[in-house]
Structure formats: structure tokens, C-alpha cells
There are 2 protein chains.
Amino acid sequence: MNEKQTAVIFKAFCDENRIKILKLLMGGEKCACRLLEEMSFTQPTLSHHMKILCESGIVQGRKEGKWVYYSISADGISKAQEYLDFLKNE
Amino acid sequence: MNEKQTAVIFKAFCDENRIKILKLLMGGEKCACRLLEEMSFTQPTLSHHMKILCESGIVQGRKEGKWVYYSISADGISKAQEYLDFLKNE
DNA sequence: CACACATATAGAATTTTGTCAATACGTTTA
DNA sequence: TAAACGTATTGACAAAATTCTATATGTGTG
């Protein structure tokens with residue numbers, strides 16, 4: 001994994017609002033509209049953050065009719081964990 | 001740990017150049033001047049990145065005479081790992 | 001003490017990121 | 001089919017991050 005790809009993964013965690021979104025998703029899968037209720041910015045901004053979270057692999061989206069349900073991806077987190085393990089044990 | 005503090009920790013990993021610096025530090029403690037040789041930016045820019053890495057707790061600096069030796073902090077990485085564990089197991 | 005060297009800080013320029021309003025797209029429902 | 005609803009995209013703007021040059025600070029050396 002190169003430097004750029006690693007940075008993309010961790011982009012998920014370097015913004016305060018995205019950490020808050022992840023906190024909300026810890027309670028389980030949530031639809032975008034429910035996340036929006038808890039955040040203090042507009043719908044396009046949420047959409048932007050969800051894109052970054054999905055690109056990082058830490059979050060996954062599932063479309064169902066009009067709604068998109070987001071949840072935390074254990075596999076995505078594992079990738080991040082592998083990097084930290086690697087960094088620690090050398 | 002609040003959202004802001006978490007974001008500060010992970011700032012270490014969300015820039016390509018900082019990932020490269022961490023990679024260099026994986027080989028063991030290195031002085032700033034040696035890191036600078038490997039990077040393709042100026043000395044003040046390195047200084048800036050090292051400040052962010054130290055503030056995140058992922059890197060620690062040790063001053064010796066004119067030189068500053070930087071190394072990876074296992075404790076810092078553990079903090080990041082704790083957060084990822086927390087995120088995963090809910 | 002004066003100079004050289006390693007690093008840090010200040011301030012400015014540039015680039016990237018976060019945000020919003022407007023609008024497009026896709027799906028459901030009347 | 002038209003309207004309503006949830007989400008994504010576009011484009012503009014503001015804020016933050018990255019980078020540079022110039023300079024300051026601190027430390028060792030002649």
C-alpha cells in the first residue's frame with residue numbers, strides 16, 4: 001500500500017464532523033436523513049462527508065429505494081488497524 | 001476523548017508526506033536533517049509536519065545539542081488503536 | 001566573541017478542504 | 001404522468017492546510 005492510499009484511508013478520521021458521524025454509526029446502520037438530523041450542516045455537506053468516508057473504506061453504503069443506509073465496515077477498519085500494527089512493530 | 005482530540009491524533013496519517021516520514025521513522029530514530037534529505041520540500045515545511053506529528057502523539061522528539069531526533073511513539077499509536085478497536089466492537 | 005550549523009517561527013502565496021445554494025437524479029406515491 | 005421526497009452533483013465562496021522565503025533562536029566551534 002502506497003502513501004497516497006494510506007492517507008485516503010485515514011482521511012476518514014481527520015475531520016471532527018466525520019468522527020461525529022462515525023460515532024453515530026456506532027449505534028448501527030443509519031440512513032442519511034437520520035444522520036443529517038444530528039449534524040449541524042446542510043444535506044450536500046453530509047453527502048460530501050459520506051463520500052469521503054466511503055472512499056476511505058471505513059463506511060459502506062446500501063441503497064434501498066429512496067434511502068441510503070450507511071454503516072461502519074469492519075473490513076475497512078481492519079485495513080487501518082493493519083497499518084498501525086505495521087507501524088508499531090518495527 | 002472528544003471528536004476534536006480524535007481528529008488531532010489522526011491528522012498524523014491523513015497527509016501523504018507525513019505517511020512517508022512515518023515510513024522513514026519505522027527504520028528507527030532519525031534526526032530531522034536526515035529526514036529532510038529524503039523529502040522533497042524545504043526545511044521549514046519539514047518542521048511544520050514534525051510539529052503536527054508530535055502534536056498527534058504518534059511521534060516524539062528528543063533534542064540533543066543542535067539536533068532533534070524523532071521516533072515513533074508506541075504509546076501514541078496505542079491511542080489510535082484504542083479508538084479503532086472501540087469503533088469496531090460496537 | 002564571531003561564525004557556522006540545525007531547527008523553529010513569521011508571514012505570504014498557493015492549494016486543498018469544507019460549506020452552502022441551486023439544481024439534477026432516481027424512486028415512490030397520488 | 002406529475003408531484004413529492006431523499007440523495008448526489010455543480011459551482012461558488014470561505015476557511016484551513018501546505019508550502020515557500022526570510023529570519024530568528026539556540027548550540028557548538030574556531
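Numbers restart at 1 for each chain; the letters A, B, ... are given by sequence-line order, proteins then strands. The figures here come from the full heavy-atom set of this structure, side chains too, leaving out hydrogens, waters and symmetry mates.
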Rounded interatomic separation in angstrom, taking [atom1] from [X] and [atom2] from [N]:
X: E16(A); N: dT19(C); atom1: CD; atom2: P; value: 10 Å
X: K20(B); N: dT18(D); atom1: NZ; atom2: C1'; value: 16 Å
X: E64(A); N: dT28(C); atom1: CD; atom2: P; value: 9 Å
X: I19(A); N: dG18(C); atom1: CD1; atom2: C1'; value: 16 Å
X: K4(B); N: dA16(D); atom1: NZ; atom2: P; value: 9 Å
X: I52(B); N: dT16(C); atom1: CD1; atom2: P; value: 16 Å
X: F41(B); N: dA17(D); atom1: CZ; atom2: P; value: 17 Å
X: K30(B); N: dT7(C); atom1: NZ; atom2: P; value: 14 Å

**Prompt:** Is any side-chain nitrogen or oxygen of H49(A) closer than 4.0 Å to OP1 or OP2 of dT19(C)?
**Reply:**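 Indeed, a polar side-chain atom of H49(A) lies that close.
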**Contact under 4.0 Å: T42(B) side-chain N or O vs dT19(D) OP1/OP2** =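 Indeed not, no polar side-chain atom of T42(B) lies that close.
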**5'-most by nearest nucleotide on DNA chain C - K63(A) or R18(A)** =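 Nearer the 5' end of the strand: R18(A).
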**Message:** Quiz question: by atom type and distance under 3.5 Å, do the side chains of K30(B) and S71(B) form a donor-acceptor pair?
**Reply:** no
**Request:** May I ask you to decide whether R18(A) forms a salt bridge with E3(B), counting only side-chain N to carboxylate O separations under 4.0 Å?
**Result:**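 No.
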**Request:** Report, as a single string ordered 5' to 3', how protein heavy atoms within less than 4.0 Å touch nucleotides 7-12 of chain D: B base, S sugar-phosphate only, - not at all.
**Result:** BBB---
**Prompt:** Does the ring center of F13(A) lie less than 6.0 Å from the ring center of F13(B)?
**Reply:**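 For F13(A) and F13(B), the ring centres are not under 6.0 Å apart.
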**Request:** Determine the interplanar angle of the F41(A) and H49(A) rings, folded into 0 to 90°, and report it as parallel if under 30°, tilted if 30 to 60°, perpendicular if over 60°.
**Result:** tilted
**Item:** Cluster overlap L24(A) with L87(B), hydrophobic side-chain contacts below 4.5 Å
**Value:** yes
**Asked** Tell me the salt bridge (Lys or Arg N to Asp or Glu O under 4.0 Å) pairs involving residues 37-53 of chain A, sequence neighbours left out?
**Response**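 Every candidate salt bridge (Lys or Arg N to Asp or Glu O under 4.0 Å) pair involving residues 37-53 of chain A fails, so no pair, neighbours aside, qualifies.
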**Asked** Is the CZ atom of R34(B) crowded by more than 12 outside heavy atoms at less than 6.0 Å?
**Response**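 Check fails, neighbour count at 12 or below.
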